[in-house]
Amino acid sequence: METTNQALLDWVNSVAELTQPDHIQWCTGSVEENETLNQLLLDNGSFEKLKEETHPNCFLHLSDAQDVARVEHLTFICTEKQEDAGPNNHWMSPQEAHAKMNGLFAGCMRGRTMYVIPYCMGPIDSPISRCGVEITDSAYVVQNMRLMTRMGTPALQRIEREGQFVKGLHSTGELDPDRRFIMHFPEELAIMSYGSGYGGNALLGKKCHALRIASYQAQKEGWLAEHMLILGVENPQGQKHYVAAAFPSACGKTNLAMLIPPEGYVQDGWKITTIGDDICWMRPGEDGRLWAINPEAGFFGVAPGTSEATNPNALAMLYKDAIFTNVATTEDNQPWWEGLDDRVPVRDWQGNAYTEGQGAAAHPNSRFTVSAKRCPSYSEEAESASGVPISAIIFGGRRENLVPLVCEARDWQHGVLMGATVASETTAAAAGAVGVVRRDPMAMKPFCGYHFADYWSHWLSFDKADNKLPKIFTVNWFRKDQDGRFMWPGFGENMRVLEWILKRCDSQVGTTDTAIGGLPDPADINQQDLDIQAEVLNELLAVNVKGWEQELTEVREYLDGFGERVPEALYNELDKVKAGF
Ligand code: GTP
Ligand code: SPV
Ligand code: MN
């Protein structure tokens, strides 16, 4: 018997009965298991070895050309009552969804092995962590879950101690987009995903569990499950602050989380450490502060744009023990993507011969999977059972116009309005059009497992007398000039904005108070060795009144779309902003 937990055993048996696998393999997380599965993936062509001399133990996986990103239109929240899922989600009744999924899963693992992966989201000994079990017929998924979560025997032992786990059932099926669904049953703490092998559709611990299911649990239990990076900043005086930042998919979380400060900062003794790059679970501690953990143990990061200049920490961790999905390869079989360097690859992400000028060689949503321990800036505190106390929360997005480089909320309530009304240009992380501005509240549009209006109320509910809440800010690294060039240099230079944010947390600088919030005096942004013209910085920190009036009209219409559940406080805040012009 593989487990003493009867509920788990019963579930695994019932899934086996439904899906009819040839073999069942309980994953332990052992070294031998890892090696055996890598070999199996090499033998069946799912993995290709990359150049051993430069990239030891690194593998290339090319996905089906129709399966390259999350599919929001095929992702459903299946609550008993439709209104609980909210206008922000696609909904299907649990009965209908179960019937549909049982039909798809029936017999789907014939001739395949069914892997049972116990995993823990968060440090094994943390009270904030939660466990799950993913059943999958994809060895590629197992190998990704091995890097992304704490999986295997220690997780199973915790499940046996606690008796609680999220049930995730996954099959790659036929990879037919017409037979692809990602279903969530928050009331049953269950997930069923069929027909995709890619990223958040298939690695069920990530977006499905740690955000959609967890956000639902968090609302019931008084905590927050967010699409946020977590980083630590140490100043030259040795004081440490922790910052959590929510940006939509492919809008800069991994890059900010691993930022290397500009040379002058390093010399002065500033240091950035990485706790997490995508997901943050946080709850008020006894001291009233918000304490956060990263539920993940690895990074599933965007490859394009990653280079020695933009994100050297990421590059450093990708030379060993990494999986590359849908990248291109060079003549000598090294992984390559747009923005890496000026070599020309010879094969594109579909395995076809590539010659210069043929367009993107790597898929724009090509990704690397790597253990967080490989990251040079990874912090020991990511393993802390109590988590880290958050001093500032940042909301951001990709806006070529209007939204300033940085802006501070007047208070928590105003900050919640800011987060609730962030908009961003869509990216290749999800199937569909790229570059279309849409509202993406708290970067959770694709990931909130319940009604957004209830979610905003939940955020507002943290504003209690005993809580010492973080300050809230918005940032925008993506303003463009008339020639379409980024106005702000971004990447490591974002340190300058972080420094200002932390100085605000310590009340060391003031703000210029405007209708939209507190803006920095440009002189308070450290410009030493910064290559930017004064007019450009002024423009990045200016308020375009006409543009904001239009924005506020759209914001009000957006909130109205969520009906009567929208908390009155958000409308009050909106009125305050409007009255401020
Ligand atoms: P997900 O993993 O999808 O949640 O994405 P993410 O939020 O972690 O985004 P990531 O850091 O991977 O960045 C996505 C893309 O934006 C990459 O191509 C980066 O090179 C680019 N990017 C990140 N930070 C900046 C920045 O400060 N300025 C500019 N111009 N581009 C940036
Ligand atoms: C995102 O899209 O926000 C990601 C990638 O982090 S995925 O795991 O596919 O959701
Ligand atoms: Mn993400």
Side-chain angles (χ1 to χ4, degrees), residues 63 67-72 75 141 144-145 148-149 182 193 196-212 226-231 245-259 274 276-280 296 298-315 325-326 337-340 360 362-369 394-400 405-406 424-432 434 440 442-447 475-480 484-498:
S63 78
D67 185 32
V68 294
R70 283 183 295 100
V71 282
E72 293 177 12
T75 298
V141 166
N144 277 272
M145 288 291 284
M148 295 302 298
T149 70
I182 326 295
S193 166
S196 166
Y198 206 87
N201 299 333
L203 314 178
L204 302 187
K206 199 172 175 56
K207 298 299 166 53
C208 299
H209 176 169
L211 289 179
R212 298 196 190 94
E226 299 298 327
H227 190 204
M228 291 177 175
L229 67 95
I230 310 166
L231 60 78
F247 309 151
S249 303
C251 290
K253 290 183 300 301
T254 302
N255 278 268
L256 189 65
M258 306 176 183
L259 174 151
T274 308
D277 83 326
D278 198 52
I279 302 180
C280 165
E296 301 191 279
F299 307 123
F300 182 64
V302 175
T306 308
S307 74
E308 203 54 68
T310 59
N311 192 351
N313 273 329
L315 216 56
T325 301
N326 290 349
W337 48 81
E338 275 62 33
L340 174 61
H363 188 277
N365 191 39
S366 55
R367 300 252 170 185
F368 51 79
T369 320
I394 304 177
F395 296 117
R398 210 178 254 274
R399 289 293 293 273
E400 58 179 279
L405 180 62
V406 57
S424 191
E425 293 145 22
T426 51
T427 67
V434 168
D440 193 345
M442 284 82 172
M444 284 287 278
K445 165 71 186 74
F447 308 121
V475 301
N476 178 20
W477 315 139
F478 298 97
R479 282 280 287 275
K480 286 185 179 165
R485 284 182 304 233
F486 287 114
M487 294 165 71
W488 175 251
F491 303 104
E493 306 296 344
N494 294 333
M495 182 68 213
R496 300 172 192 275
V497 174
L498 273 183

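Everything numeric here is computed off the predicted structure, so don't read it as measured data. Order of listing sets the numbers, starting from 1, for every ligand and every atom in it.
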TODO: Can you figure out which of Phe486, Phe491, Phe368, Phe299 has its heavy atom closest to atom 21 (C) of ligand 1?
DONE: Phe491
Open item on the list: Could you tell me if the side chain of Arg70 sits less than 4.5 Å from the side chain of Ser249, heavy atoms only?
Closed with: yes
Task: Residue from Asn201, Asp278, Thr75 passing side-chain hydrogen bond (donor to acceptor under 3.5 Å, both in side chains) with Lys207 - done: Asp278
Open item on the list: Which of the numbered atoms in ligand 2 are under 4.0 angstrom from any heavy atom belonging to Asp278?
Closed with: 6 (O)
Open item on the list: If you measure every N or O of Arg367 against every N or O of ligand 1, does any of those distances drop under 3.5 Å?
Closed with: yes
Open item on the list: Give the atom numbers and elements of ligand 2 that come within less than 4.0 Å of a heavy atom of Lys206.
Closed with: 6 (O), 8 (O)
Open item on the list: At under 4.0 Å between heavy atoms, is it the side chain or the backbone of Trp488 that contacts ligand 1, or both, or neither?
Closed with: neither
Open item on the list: Pair Trp488, Asn476 - check side chain to side chain donor-acceptor pair (under 3.5 Å), show working.
Closed with: CA-CA 9 Å; Trp488 175 251; Asn476 178 20; over 6 Å; no
Open item on the list: Check whether Phe486 forms a cation-pi arrangement with Lys480 (NZ or CZ under 6.0 Å from the six-membered ring centre, at most 45° off the ring normal).
Closed with: yes
- [ ] Show all protein N/O/S atoms under 2.8 Å from the Mn ion (ligand 3), or state that there are none.
- [x] Lys207 NZ, His227 NE2, Asp278 OD1
- [ ] May I ask you to identify the nearest protein heavy atom to atom 11 (O) of ligand 1, giving residue, atom name and distance to one decimal place in Å?
- [x] Asn255 ND2, 2.8 Å
Open item on the list: Is a donor from one side chain sitting under 3.5 angstrom from an acceptor on the other, for Ser63 and Asn326?
Closed with: yes
Task: Side chain, backbone, both or neither: the part of Arg398 lying under 4.0 Å from ligand 1 by heavy atom - done: side chain
TODO: Could you tell me if any non-hydrogen atom of Lys253 lies under 4.0 Å from any atom of ligand 2?
DONE: no
Task: Sub-4.0 Å atoms of ligand 2 with respect to non-hydrogen atoms of His227 - done: 3 (O)
Open item on the list: Only heavy atoms of Phe447, strictly under 4.0 Å: list the atoms of ligand 2 that pass.
Closed with: 3 (O)
Task: Residue Ala429 vicinity, atoms of ligand 2 by number, heavy atom under 4.0 Å - done: 2 (O)
TODO: Please say whether Pro304 places an N or O atom under 3.5 Å from an N or O atom belonging to ligand 1.
DONE: yes
Open item on the list: One residue to check: Lys480. Relative to ligand 1, which of side chain, backbone, both or neither has a non-hydrogen atom less than 4.0 Å away?
Closed with: neither
Task: Heavy atom of the protein closest to atom 1 (P) of ligand 1 (residue, atom name, distance) - done: Ala250 N, 3.4 Å
Open item on the list: Tell me the contacting part of Cys251 for ligand 1: side chain, backbone, both, or neither, using a 4.0 Å heavy-atom threshold, strictly below.
Closed with: backbone
TODO: Would you mind reporting whether Thr325 and Phe368 have side-chain heavy atoms less than 4.5 Å apart?
DONE: no
Task: Contact (N/O only, under 3.5 Å) between Pro489 and ligand 1 - done: no
- [ ] Please work out which of Arg70, Lys253, Lys206 has its closest non-hydrogen atom nearest to atom 7 (O) of ligand 1.
- [x] Lys253
TODO: Please could you name the atoms of ligand 2 that Phe300 approaches to less than 4.0 Å, counting only its heavy atoms?
DONE: 8 (O), 9 (O)
- [ ] Please determine if Asp278 has a nitrogen or oxygen closer than 3.5 Å to a nitrogen or oxygen of ligand 1.
- [x] yes
- [ ] Looking only at non-hydrogen atoms, find the nearest pair between Val141 and Ala202 and report the distance.
- [x] CG1-O, 3.7 Å
Task: Atoms in ligand 2 flagged as close to Ser249, the criterion being non-hydrogen separation under 4.0 Å - done: 1 (C), 2 (O), 3 (O)
Open item on the list: Tell me whether Lys253 contacts the main-chain N or O of Asp277 through its side chain, where contact means a donor paired with an acceptor under 3.5 Å.
Closed with: no
Task: Close approach, Ala257 and ligand 1, non-hydrogen under 4.0 angstrom - done: no
TODO: Return a yes/no value for Asn494: is any of its N or O atoms, backbone included, closer than 3.5 angstrom to an N or O of ligand 1?
DONE: yes
Task: Pair Asp440, Ser424: side-chain N/O donor-acceptor within cut-off below 3.5 Å - done: no
Task: Polar side chain donor-acceptor pair, Arg367 to Asn365, under 3.5 angstrom - done: yes
Task: Gly200: numbered ligand 2 atoms lying under 4.0 Å from its heavy atoms - done: 7 (S), 8 (O), 9 (O), 10 (O)
- [ ] Cation-pi check, Arg398 to Phe478: give yes when NZ or CZ is under 6.0 Å from the six-membered ring centre and within 45° of the ring axis, no otherwise.
- [x] yes
